[in-house]
Amino acid sequence: MAMGTRKRHAKQDSMWVATHDLWRSAAHPFYARLNQILDQHAFDRYVERLCERFYADDGRPGLPPGRFSGCC
């Protein structure tokens with residue numbers, strides 16, 4: 001194919017997808033109930049108190065310890 005002889009195709013649509021347009025599945029019932037129980041018993045606050053001595057006094061704020069437990 002010679003340069004400049006390619007037929008012009010329609011312009012490609014944007015690949016941007018807003019997060020509110022994405023489909024979301026329902027949470028698994030086990031994890032939905034587990035999170036409800038953990039919230040009722042203030043699991044995050046409990047674990048944060050246990051881990052408090054490992055927090056730095058400066059720098060970026062850390063993630064909640066419950067995030068690392070694999071259940072939330």
Side-chain angles (χ1 to χ4, degrees):
M1 177 180 284
M3 290 189 66
T5 59
R6 181 184 300 183
K7 292 181 183 179
R8 297 283 179 195
H9 296 284
K11 198 170 191 177
Q12 181 176 346
D13 291 335
S14 173
M15 295 184 69
W16 172 262
V17 178
T19 56
H20 66 271
D21 291 336
L22 295 174
W23 183 77
R24 293 189 64 185
S25 64
H28 191 279
F30 171 80
Y31 292 108
R33 179 69 176 129
L34 177 61
N35 284 331
Q36 182 183 26
I37 292 169
L38 293 175
D39 286 343
Q40 287 173 350
H41 295 279
F43 174 75
D44 283 341
R45 281 187 297 213
Y46 170 72
V47 176
E48 285 175 8
R49 282 195 304 266
L50 287 176
C51 299
E52 194 170 23
R53 63 188 172 126
F54 299 108
Y55 294 165
D57 293 329
D58 57 346
R60 295 178 57 184
L63 294 172
R67 175 86 58 188
F68 297 108
S69 67
C71 61
C72 301

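None of the values given here were measured: they were computed from a predicted structure. Residues: numbered from 1 along the sequence shown. Side-chain atoms are counted along with the backbone in the values below, which use heavy atoms only and exclude waters and symmetry mates.
- Hydrophobic clustering keeps Ile37 apart from Tyr46 (ILVMFWY residues linked when any side-chain heavy atoms are closer than 4.5 Å, directly or through intermediates).
- Atom-to-atom distance recorded for Asn35:CG and Phe43:CZ is 10.0 Å, nearest 0.5 angstrom.
- Here His28 pairs with Phe30, Tyr31 under the side-chain contact (heavy atoms from CB on, under 4.5 Å) rule; sequence neighbours left out.
- Grouped with Leu22 in one hydrophobic cluster are Val17, the linkage being side-chain heavy-atom contacts under 4.5 Å among Ile, Leu, Val, Met, Phe, Trp and Tyr residues.
- Under the side-chain contact (heavy atoms from CB on, under 4.5 Å) criterion, Gln36 pairs with Arg33, Gln40, sequence neighbours left out.
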